[in-house]
Amino acid sequence: MYAAGDVADSGLPPLTPVAGKEAERLTQHLLEESQTYQNQPLVPSVVFTYPKLAKIGITQQEASERNIPYEVQSKDISSFFTYRRTQDKEAYVKILTNPETDEIIGAHFLARSADHLVNLFLVAMTQRMTKHQLSSLLWAYPSEESDIPSFF
């Protein structure tokens, strides 16, 4: 008997991308008879409202409960040119980093572009990038991504 998606007790959120990955792993197991183990992936989550709300990694509460050291950088970014030019009245970002390594351990967005930003932070966190490494990249301007160095 196999379970995937919402009925599986994988510890991951019941989201479509998670169910898709679990189904892919099950298919590989059934058809190719391979037993590949995958670490729990980082799972981006987006609420498609206006503005969008997105998160990746852990929250402050989770960090506290698990005794993970963290620093918080939070900022109302609605005054940034990126959002003023499109007349977006609400834009907010909160980033959690490990103070010992400067690695990004959580990112939270409230913005029109939250879905794009959370996917970029998924890549950064998967690659264990530090806030300095992410900030030092040259981004196209004016884009939501070009604001990333100002998040820290």
Side-chain angles (χ1 to χ4, degrees), residues 4-6 8 10-28 36-152:
D6 295 2
S10 66
L12 297 173
L15 299 170
T16 302
V18 173
K21 275 293 183 191
E22 290 173 347
E24 183 180 300
R25 185 173 174 206
L26 173 61
T27 302
Q28 184 180 33
T36 58
Y37 175 76
Q38 298 174 342
N39 288 333
Q40 272 191 332
L42 287 164
V43 179
S45 176
V46 182
V47 179
F48 288 93
T49 54
Y50 188 83
K52 296 171 191 154
L53 180 63
K55 84 174 259 315
I56 182 81
I58 61 174
T59 64
Q60 284 179 263
Q61 181 177 347
E62 291 168 332
S64 294
E65 289 170 357
R66 293 165 45 191
N67 293 320
I68 297 172
Y70 67 92
E71 290 179 342
V72 177
Q73 295 84 29
S74 61
K75 196 174 282 194
D76 179 344
I77 56 173
S78 60
S79 64
F80 287 23
F81 177 69
T82 306
Y83 298 97
R84 284 184 307 148
R85 73 182 170 86
T86 55
Q87 299 178 355
D88 288 308
K89 295 183 180 7
E90 296 155 339
Y92 184 83
V93 62
K94 180 177 4 179
I95 310 294
L96 278 69
T97 55
N98 180 318
E100 297 165 8
T101 64
D102 271 344
E103 288 178 15
I104 302 158
I105 59 174
H108 313 270
F109 307 97
L110 177 68
R112 171 183 38 84
S113 58
D115 51 339
H116 298 284
L117 291 170
V118 77
N119 284 327
L120 284 170
F121 274 76
L122 166 65
V123 173
M125 291 170 67
T126 300
Q127 296 301 310
R128 301 183 62 124
M129 292 178 75
T130 65
K131 62 184 182 182
H132 175 72
Q133 290 171 320
L134 189 58
S135 294
S136 67
L137 297 173
L138 185 60
W139 302 97
Y141 178 82
S143 68
E144 290 83 359
E145 296 82 6
S146 69
D147 293 331
I148 289 174
S150 300
F151 292 172
F152 301 103

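Treat the numbers as computed from the prediction; the structure is a model and nothing was measured. The chain is numbered in sequence order, starting from 1.
Nearest heavy atom pair, residue Ala54 against residue Ala114, reads CB-O, 3.7 Å. What you find for Ser135 and Pro149 is that their closest heavy atoms are O-CG, 3.4 Å. Annotation for Gly57 and Glu62: closest pair O-OE1, 4.1 Å, computed over non-hydrogen atoms.
Interatomic distance, Ile56 CD1 to Leu122 CG, rounded to the nearest 0.5 Å: 4.5 Å. One finds the OH atom of Tyr83 at 4.0 Å from the CD1 atom of Ile77 (value rounded to the nearest 0.5 Å). A distance of 10.0 Å separates CG of Asp88 from OG1 of Thr82, quoted to the nearest 0.5 Å. One finds the CG atom of Leu42 at 10.0 Å from the CD1 atom of Ile58 (value rounded to the nearest 0.5 Å). We find the OG1-CE distance between Thr97 and Met125 to be 10.5 Å, quoted to the nearest 0.5 Å. Here the CG atom belonging to Leu120 is positioned 5.0 Å from the CD1 atom belonging to Ile148, to the nearest 0.5 angstrom.
No donor-acceptor pair closer than 3.5 Å links the side chain of Arg112 to the backbone N or O of Thr86. Side-chain atoms of Ser136 come within 3.5 Å of backbone N or O of His132 as a donor-acceptor pair.
The side-chain hydrogen bond (donor to acceptor under 3.5 Å, both in side chains) pairs that include a residue from residues 99-111 are Glu103-Arg128, where partners are two or more places apart or lie in different chains.
In this structure, Glu65 places its CD atom where more than 12 heavy-atom neighbours from other residues, nucleotides or ligands lie under 6.0 Å away.
Counting only heavy atoms from C-beta outward, the side chains of Val118 and Lys52 never approach each other to under 4.5 Å. Using a 4.5 Å heavy-atom cutoff, the side chains of Gln127 and Gln133 are not in contact. In this structure, the side chains of Thr130 and Phe152 stay at 4.5 Å or more apart for every pair of heavy atoms.
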Name every donor-acceptor pair, under 3.5 Å, that has one atom in a side chain of residues 67-75 and the other anywhere in the protein, sequence neighbours excluded.
residue : atom : partner : partner atom : Å
Tyr70   : OH   : Ser64   : OG           : 3.3
Ser74   : OG   : Tyr92   : OH           : 3.4
Lys75   : NZ   : Ser150  : O            : 2.5

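Classification of the Phe109-Phe151 ring pair by plane angle, with boundaries at 30° and 60°, yields tilted.
Every side-chain hydrogen bond (donor to acceptor under 3.5 Å, both in side chains) that Glu145 has, sequence neighbours left out, goes to Ser143.
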